[in-house]
Asks: 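Structure in structure tokens, see below.
Per chain, numbering begins at 1; letters A, B, ... match sequence-line order.
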Number of protein chains: 2
Amino acid sequence: MTTSQTLPTAPALTQPAVWLRDNCPCVECRDPRNGQKLFNITDLPADLAVTEVRGTTVTFSDGHVSLFDPAFLSAREAPDDRSEDAKRLWATTEVPEHDWARFLADPEHRADCLDAVLTTGFTLLRGVPVTPGAVLDVAAGFGFVRETNYGKLFDVRVEATPTNLAFTGLAITPHTDNPYRDPVPTVQLLHCLSNAVDGGESGLVDGFHAAALLRTEDADAFAVLTRTPVTFRYADAGAELVTSRPMIGLDPTGRIREVRFNNRSMQALRLPPKETAAFYAAYRRFAEILTRPELMVTFRLGPGDCVVFDNTRLLHARTGFADTGDRHLQGCYADLDAIASGRRVLRGQLAATHLRELFAGPGTADYLGEDVTQAQHMLQAAALAESDDASPQLVVAALLHDVGHFTGPLTGADLMGGTDNRHSHVAADWLARWFGPAVTEPIRLHVAAKRYLCAVDPAYADLLSPASTYTLGVQGGPMSAEEVAAFEAEPYAADAVRLRRWDDGAKDASRSVPGFDHYESTLALLARSGGRARG
Amino acid sequence: MTTSQTLPTAPALTQPAVWLRDNCPCVECRDPRNGQKLFNITDLPADLAVTEVRGTTVTFSDGHVSLFDPAFLSAREAPDDRSEDAKRLWATTEVPEHDWARFLADPEHRADCLDAVLTTGFTLLRGVPVTPGAVLDVAAGFGFVRETNYGKLFDVRVEATPTNLAFTGLAITPHTDNPYRDPVPTVQLLHCLSNAVDGGESGLVDGFHAAALLRTEDADAFAVLTRTPVTFRYADAGAELVTSRPMIGLDPTGRIREVRFNNRSMQALRLPPKETAAFYAAYRRFAEILTRPELMVTFRLGPGDCVVFDNTRLLHARTGFADTGDRHLQGCYADLDAIASGRRVLRGQLAATHLRELFAGPGTADYLGEDVTQAQHMLQAAALAESDDASPQLVVAALLHDVGHFTGPLTGADLMGGTDNRHSHVAADWLARWFGPAVTEPIRLHVAAKRYLCAVDPAYADLLSPASTYTLGVQGGPMSAEEVAAFEAEPYAADAVRLRRWDDGAKDASRSVPGFDHYESTLALLARSGGRARG
């Protein structure tokens with residue numbers, strides 16, 4: 001391995017020593033069972049320095065040695081999933097529709113549904129039972145009901161003495177709900193039990209898009225609305241809720257993160273007259289944008305429909321209807337954190353399911369002239385990795401290292417026929433949809449590792465099976481001295497060499513090893529972040 | 001009444017026309033049943049102007065006329081109750097203690113308990129049943145449980161394979177919970193079922209105070225922590241929660257509003273090295289402040305104790321204990337909005353109860369030489385006000401206008417003995433603990449109104465009862481011309497004159513009117529804000 005202070009793949013090695021030390025992944029620094037950090041920043045010497053860097057191994061002035069995953073060092077920050085940067089803003093959009101029965105039965109449909117709420121801001125679920133209380137079942141499918149003074153659920157229908165405008169037949173212009181609450185409910189669900197009135201159509205506006213338009217059209221007005229706290233208030237016999245927040249909430253880097261807009265519960269501002277004037281000019285501009293007809297998506301809720309939307313971003317509206325009509329919705333609140341969590345977990349589960357099917361299908365084919373199937377070969381490699389105390393990432397790399405034989409345009413049979421199917425690259429590229437470099441890169445290099453070992457270890461070639469010796473030729477034969485140097489400079493070369501040894505030893509028809517199930521939860525955990533950085 | 005563009009008591013009349021119009025209290029502009037605004041800002045003409053101001057009556061260029069409550073026009077913004085300005089920051093503090101049985105039975109004790117959580121940041125409830133699940137009953141007493149992926153409640157005890165450091169016997173340094181969640185749970189409850197281990201003491205630190213110290217000691221470090229998003233993450237088999245927020249969250253005016261501090265779940269920052277260094281220097285300074293022993297309040301949770309604390313402000317900690325010991329807590333999350341709402345509602349209910357007791361006690365005394373009791377007199381005045389379509393504030397003023405006869409140092413008997421007990425001022429000052437000027441000022445002026453009417457209305461004096469004619473003399477007799485002019489300039493003079501007429505007509509022993517119950521909910525509603533401004 002080469003020594004370098006600044007490997008091109010590890011720009012983070014130029015970070016201050018305290019950053020490196022604070023992120024040490026060793027078992028003394030992080031609980032290996034849950035990844036939680038086991039020390040405090042004040043436990044580290046204030047004058048901590050790096051004394052040596054070898055590859056991605058860093059030695060500190062306090063004697064501690066940290067071995068970093070190169071992928072960690074080269075990772076970049078994922079955007080905050082609540083900010084405008086993580087959303088698909090829209091002026092107008094197709095109404096995303098999902099089906100409740102499929103939501104329950106099909107994880108892929110469910111993931112797509114959660115995704116719509118997180119990125120588009122809403123979905124229209126069809127086929128929810130027309131049963132009072134069903135909205136709570138829907139909420140439980142997305143996460144957890146946020147109970148409030150309105151109850152676990154609330155009814156929206158015409159009332160004789162309404163405590164809230166929502167319970168009359170009047171039109172309701174675009175607004176967010178409960179701005180007088182902090183934390184505001186981040187998700188709202190509205191489930192239709194009946195809607196036989198004239199009017200009573202539903203509309204949604206993307207508040208993030210509208211705020212972004214305001215920023216473009218009138219940057220000063222945008223700034224005023226981000227820095228002026230507005231008090232919202234609601235009172236009835238049993239509750240008095242008051243919150244002061246700006247209409248447009250930004251994250252600390254200035255990106256849009258939250259919209260509160262509700263003329264009904266907005267209270268009088270108490271500012272000097274000049275600031276009041278500037279606020280009202282900005283408020284009017286924002287209101288004018290929000291009520292542009294072309295920015296509103298409208299639809300009619302029929303019995304069994306349930307709209308689920310991000311209440312920190314979308315404004316909802318309703319056209320007026322006759323007070324005498326029969327219109328009955330039930331609503332409840334929930335929170336985005338559970339939806340985002342659910343989407344990540346589903347992503348991992350879907351990957352694990354897909355890979356399980358691969359093992360149960362194409363994986364049952366013979367493994368290139370060996371006495372084991374492809375699946376048996378990979379399960380044996382994973383078992384060897386696990387008994388060798390490899391990291392979870394490297395165990396998964398061993399488990400999946402040969403999927404390139406049946407996921408690319410060329411198969412293992414092509415390779416045996418004399419055409420290199422580049423299965424290590426095919427597998428790494430294909431798996432990158434789910435896994436980060438700590439999984440994909442040792443796989444990418446596992447054929448190169450064979451060519452490397454043949455060049456540097458005279459005894460190695462003798463260990464290869466006849467088929468592997470044959471494919472070595474198709475794959476380029478032993479490495480040249482130049483190729484050896486280049487290989488050794490690869491951040492994951494050592495992992496690839498370890499993987500290669502397990503690969504070579506995983507062709508024993510008589511060995512009994514754990515099945516795919518044994519790895520499924522680890523697979524699912526690692527596959528969640530979709531190859532994106534995790535810190 | 002005088003005419004003026006800028007009454008000294010109504011500085012808000014200098015606000016832009018759109019502010020005045022947007023805050024019009026008339027029944028066309030606000031739903032009289034729930035106070036919600038019935039129009040949008042875009043419904044108002046962009047070139048709206050004020051054409052006339054008479055007293056607090058404003059006419060606009062669109063022809064609309066608004067009659068403002070002078071108290072509304074002179075009100076000031078109440079501080080956001082989540083910001084440092086609404087808290088009692090502490091370096092060290094007595095542990096506020098409350099009793100669960102009293103909490104349930106005694107609204108005053110309950111209000112004091114909610115107040116401790118809102119202003120001091122926590123309370124230690126004693127005497128909670130040592131029963132699994134009892135923490136959920138406590139949470140229901142404060143508001144609503146926030147269910148999460150950990151369940152409605154979670155157990156904190158030593159586990160064989162902990163997914164979280166909380167479930168080991170290791171010491172836990174000061175931290176806030178669930179920083180990886182957004183919205184973060186704003187309240188945490190921890191209920192002790194057993195604690196027989198050595199160690200395992202609980203500690204709390206006021207994060208707002210610590211952040212304020214950092215601001216004083218190192219303003220640059222404070223600024224860095226308010227503007228740097230930090231990613232917190234938690235993952236287990238069923239959840240993956242990720243949130244990016246600054247360690248110190250500010251409101252738009254720069255006041256401290258939220259602290260997130262948790263070394264265990266903090267992820268690697270991805271900043272340029274120079275910014276990383278600045279962040280770590282700031283982070284270390286904040287951590288050093290947070291771990292100053294003199295800033296931590298410690299106590300030992302025994303069986304039946306339940307600590308309830310503000311998780312956006314206080315950091316909690318635990319000393320280490322032997323893994324083998326018997327220590328079992330149950331925790332759950334809840335939210336501050338319900339606690340703040342509950343405190344407001346209780347404030348109103350306590351006021352109503354206190355006033356009910358006044359009516360049932362001293363109020364049963366004879367009313368200064370009349371055929372009715374004090375209580376009958378005030379109930380008759382309120383009934384007259386109500387039949388005269390007075391505002392709820394003025395009805396309440398009529399109901400309470402004479403409480404000064406039995407709440408001050410001098411009584412009605414003193415007045416009848418020839419010494420003015422100044423009961424109108426005594427009542428107004430005493431009631432200001434609960435009510436705003438729209439209630440208290442007509443009361444303060446109701447004796448002056450008698451002297452005024454005697455001066456300007458020749459027929460009025462003849463209507464007075466003999467006792468009232470007698471006390472007129474004690475109270476100063478009819479006003480001089482100068483006094484008349486000064487009285488007319490008072491913002492609540494007209495209301496006081498109306499009140500005076502009902503007062504004079506409320507001495508009929510044969511009349512049957514609604515009792516105190518009839519007014520109790522209105523009293524409770526109006527008494528909530530403690531005389532503070534409401535917009």
Asks: Please say whether the positively charged group of A:R344, taken as NZ for Lys or CZ for Arg, lies over the ring of B:Y180, i.e. under 6.0 angstrom from the six-membered ring centre and within 45 degrees of the axis.
Replies: no
Asks: For B:A46, is it the side chain, the backbone, both or neither that has a heavy atom under 4.5 Å from a heavy atom of chain A?
Replies: both
Asks: Does the side chain of A:Q15 come under 3.5 Å of the side chain of B:T276 through a donor N or O and an acceptor N or O?
Replies: yes
Asks: Would a 4.5 Å heavy-atom cut-off, applied to side chains only, mark A:D182 and B:D337 as touching?
Replies: no
Asks: Is A:F39 in contact with chain B via its backbone, its side chain, both, or neither, using a 4.5 Å heavy-atom distance?
Replies: backbone
Asks: Is chain B contacted by the side chain of A:A17, its backbone, both, or neither, given a heavy-atom distance below 4.5 Å?
Replies: neither
Asks: Under 4.5 Å heavy-atom distance to chain B, tell me which part of A:S83 shows up: side chain, backbone, both or neither.
Replies: neither
Asks: Once you round to the nearest 0.5 Å, how far does CZ of B:R347 lie from CD of A:E240?
Replies: 9.0 Å
Asks: Identify the two heavy atoms, one from B:N23 and one from A:Y280, that lie closest to each other, and give their separation to 0.1 Å.
Replies: ND2-OH, 4.1 Å
Asks: Tell me, for A:P185 versus chain B, whether the close heavy atoms (under 4.5 Å) come from the side chain, the backbone, both or neither.
Replies: neither
Asks: Most heavy-atom pairs under 4.5 angstrom with chain A, which of B:R181, B:R245, B:E288?
Replies: B:R245
Asks: Chain B heavy atoms under 4.5 Å from A:D335: which part of the residue, side chain, backbone, both or neither?
Replies: side chain
Asks: Heavy atoms, side chains only, cut-off 4.5 Å: are A:R146 and B:P183 in contact?
Replies: yes
Asks: First locate atom OG1 of B:T173, then atom CD1 of A:I41, and finally report the distance between them rounded to the nearest 0.5 Å.
Replies: 11.5 Å
Asks: Shorter than 4.5 Å, heavy atoms on both sides: which option in A:L271, A:T291, A:T148, A:T42 has the most such pairs with chain B?
Replies: A:T148
Asks: Is it true that B:Q36 and A:S265 share a donor-acceptor pair across their side chains at a distance under 3.5 Å?
Replies: no
Asks: Can you tell me which of B:S521, B:A237, B:G342, B:G143 forms the most heavy-atom pairs within a distance under 4.5 Å of chain A?
Replies: B:A237
Asks: Could you look at A:A239 and say if it's the side chain, the backbone, both or neither that has a heavy atom under 4.5 Å from chain B?
Replies: both
Asks: Give a yes or no on whether a salt bridge exists between A:R284 and B:D22, defined as a side-chain N under 4.0 angstrom from a carboxylate O.
Replies: no
Asks: Cation-pi check for A:F72 against B:R270: NZ or CZ below 6.0 Å from the six-membered ring centre and within 45 degrees of the axis, yes or no?
Replies: yes
Asks: Counting heavy-atom pairs under 4.5 Å with chain B, which one of A:N262, A:V145, A:L250, A:V242 comes out on top?
Replies: A:V242
Asks: Between A:T231 and chain B, with a heavy-atom cut-off of 4.5 Å, which part of the residue counts as in contact: side chain, backbone, both or neither?
Replies: side chain
Asks: Is chain B contacted by the side chain of A:V345, its backbone, both, or neither, given a heavy-atom distance below 4.5 Å?
Replies: side chain
Asks: If you measure from the Lys or Arg side-chain nitrogens to the Asp or Glu carboxylate oxygens, is any gap between A:D251 and B:R227 under 4.0 Å?
Replies: no
Asks: Would you compute the distance between atom CG of A:L38 and atom CG of B:N263 and round it to the nearest 0.5 angstrom?
Replies: 9.0 Å
Asks: So, taking the atom named CZ in A:F144 and the one named OH in B:Y333, what distance separates them when rounded to the nearest 0.5 Å?
Replies: 12.5 Å
Asks: At their closest point, which heavy atom of A:T243 faces which heavy atom of B:R257, and how far apart are they?
Replies: CG2-NH2, 4.4 Å
Asks: I need the residue from B:P246, B:S244, B:S341, B:A338 with the largest number of non-hydrogen atom pairs under 4.5 Å to chain A.
Replies: B:S341
Asks: Among B:L269, B:T253, B:D81, B:T186, who wins on heavy-atom pairs under 4.5 Å with chain A?
Replies: B:L269
